[in-house]
Amino acid sequence: MQFGKFRLSIIRECNFKLDGGAMFGVVPKTLWSKVSPSDELNRIPLSCNLLLIDTGSKKVLVETGMGTRWDKKETDRYEVETLVSPENVLAPLGLTNADVDAVIISHLHFDHAGGACRLVDGKLVPTFPRAKYFVQKGELHLAHNVNARGTGSYRKDDFMPLVEHGVITVINGDTEIVPGVFAKVTGGHTSHHQVVYFESEGKKGVYFADIIPTKSHISPPWVMGYDHFPLESCDVKSNWLTKAAKEKWLVVFDHEKGVPWGHVSLDEKGKFDFQALPAATLSSDAVFSS
Ligand SMILES: [Zn+2]
C-alpha cells in the first residue's frame, strides 16, 4: 500500500493461538468470547503480522514473528502454523532477507523476537544479515533479568545471537530509526515496550505491537493479562487512540488474524471503534492466508 512516499506491506509470518484468558486479563470470558471465540482448550486464534516500511531509500521491518525453532510440544501448545520460510521471509514481496536495512523489535517476547535468528548448520545467525536490529536498552536488560512471572515469555536464544553477532543497536528512549520512522516507548506491556510511529507527506501511522494486539483489544481497559503494567497500558491506549482517531492515522495490529490495518473512530460516548481497510490493500494473498 502506498503511504505518502512510503510503501507498506504486511507479511503474515504465522498463525498461532494463545490462552484467551491471558489475552484479555481481567475481562470476563462472557464478554471477550463474544468478539474472540475460543477453542476447546480456551485458546484464541492469532497471527504474527510483520510490517515492512519501504521509505524509498531504506527497508525497515517491524517485528520478526515466532520463527520456526519450536519443538513438537510447543508447536502443539501454540498451534503454530508457519507461513513463511526463515531463509526467505520476504519472498512473496520479491525481496530477500538481505534487502532489510533495519529491524525494529517492539520487545523481546518469543512471538516478536522468535524469528530474529535462524539456524544454519546448527548455529544461530541473524535472519536478516545486513540489518541493524533496534531494541530498547531497558527491554534487553529485562530480557536478561526477568523474574519468575515473566520468564516464560523470553528465550535467550532469540536475542543472545544478535548480541554476539554485534547486530543489535541498543536505543534508549524515543528514537528516529530512519527519516520518518520512529520507535516510541510506551511501557505497559513491558517496562520499555515500544511502538513504531511513521509519517510521510502528512500521512501518519502507528504499529501498536502488544499495546493493542488485535481489533478486539481496542477498548482501553481491555488489556492483556500478560501486561506487566496493565494500568499504564490502559492510559497509553487511550492517549494514542485519541490522537489516531483525531488525525485519521493508519493503525496496525500485530496479532490480528483478520485484516490487521485500518482506522479508528471515537464516538461522542468516548467509545473507540476500528474500521479495517479492504482486504485488497494487503500486498499478497500468498503470504496473507487467514
Ligand atoms: Zn509480548
Side-chain angles (χ1 to χ4, degrees), residues 12-27 32 36 43-51 61-67 69-70 74 77-80 103-117 133-160 162 168 171 183-196 206-218 220 222-237 240 251-257 260:
R12 178 153 287 177
E13 193 260 349
C14 71
N15 293 322
F16 72 119
K17 290 180 172 177
L18 289 174
D19 182 79
M23 283 301 289
F24 288 100
V26 298
V27 180
W32 64 251
S36 193
R43 300 173 304 182
I44 61 167
L46 300 164
S47 294
C48 285
N49 303 311
L50 321 186
L51 175 68
L61 183 67
V62 183
E63 309 285 38
T64 70
M66 294 274 283
R69 295 178 293 104
W70 299 95
E74 293 163 331
R77 181 189 304 151
Y78 302 120
E79 212 169 282
V80 184
V103 177
I104 306 174
I105 304 180
S106 63
H107 62 301
L108 294 168
H109 283 168
F110 60 67
D111 51 332
H112 298 260
C117 297
Y133 288 68
F134 291 85
V135 176
Q136 283 293 328
K137 184 180 179 186
E139 178 64 24
L140 193 58
H141 178 79
L142 174 67
H144 279 105
N145 299 284
V146 69
N147 78 352
R149 158 70 161 70
T151 195
S153 301
Y154 290 99
R155 303 186 305 178
K156 288 208 162 60
D157 274 358
D158 289 338
F159 52 88
M160 279 311 291
L162 301 177
I168 281 200
I171 52 178
K184 301 249 184 191
V185 177
T186 60
H189 183 61
T190 64
S191 56
H192 293 78
H193 175 278
Q194 58 187 354
V195 298
V196 177
V206 62
Y207 182 96
F208 275 122
D210 270 358
I211 282 294
I212 310 180
T214 77
K215 67 181 180 196
S216 305
H217 289 83
I218 193 123
W222 284 41
V223 300
M224 288 195 272
Y226 293 110
D227 286 10
H228 293 187
F229 305 98
L231 302 185
E232 198 173 286
S233 297
C234 180
D235 290 343
V236 164
K237 284 169 74 174
W240 280 83
V251 302
V252 188
F253 301 133
D254 59 348
H255 293 317
E256 170 59 42
K257 198 158 180 222

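Here, residue 1 is the first one in the sequence, and each next residue gets the next number. Read the numbers this way: they start at 1 and go in the same order the structure lists the ligands and their atoms.
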Review point. Which atom, counting only N, O or S, brings H109 closest to the Zn ion (ligand 1)?
Key: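 Answer by atom name: ND1.
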Exercise for review: State the atom name: nearest N, O or S atom of D210 to the Zn ion (ligand 1).
Suggested key: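 Answer by atom name: OD2.
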Check your understanding: Angle at the Zn ion (ligand 1) between NE2 of H189 and NE2 of H107, to 10°?
Key -> 100°
Review point. For the Zn ion (ligand 1), does an N/O/S atom of H112 lie at less than 2.8 Å?
Key: no
Review point. Would one find an N, O or S atom of D111, in either backbone or side chain, under 2.8 Å from the Zn ion (ligand 1)?
Key: no
Exercise for review: For the pair H144 and F159, name the ring-plane relationship: parallel under 30°, tilted 30 to 60°, perpendicular over 60°.
Suggested key: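 H144 and F159: perpendicular rings.
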Exercise for review: Just say parallel, tilted or perpendicular for the rings of H112 and H107, cut-offs at 30° and 60°.
Suggested key: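 Ring orientation, 0 to 90° scale: tilted.
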Revision key, fill the gap. For L142 and S191 the tightest heavy-atom approach is CD2-OG, 4.3 Å
Review point. How about H228 and T190: does a side-chain donor come under 3.5 Å of a side-chain acceptor?
Key: no
Exercise for review: Show the numbers, then the answer: is there a side-chain hydrogen bond (donor to acceptor under 3.5 Å, both in side chains) between H109 and H189?
Suggested key: CA-CA 10 Å; H109 283 168; H189 183 61; 3.2 Å; yes
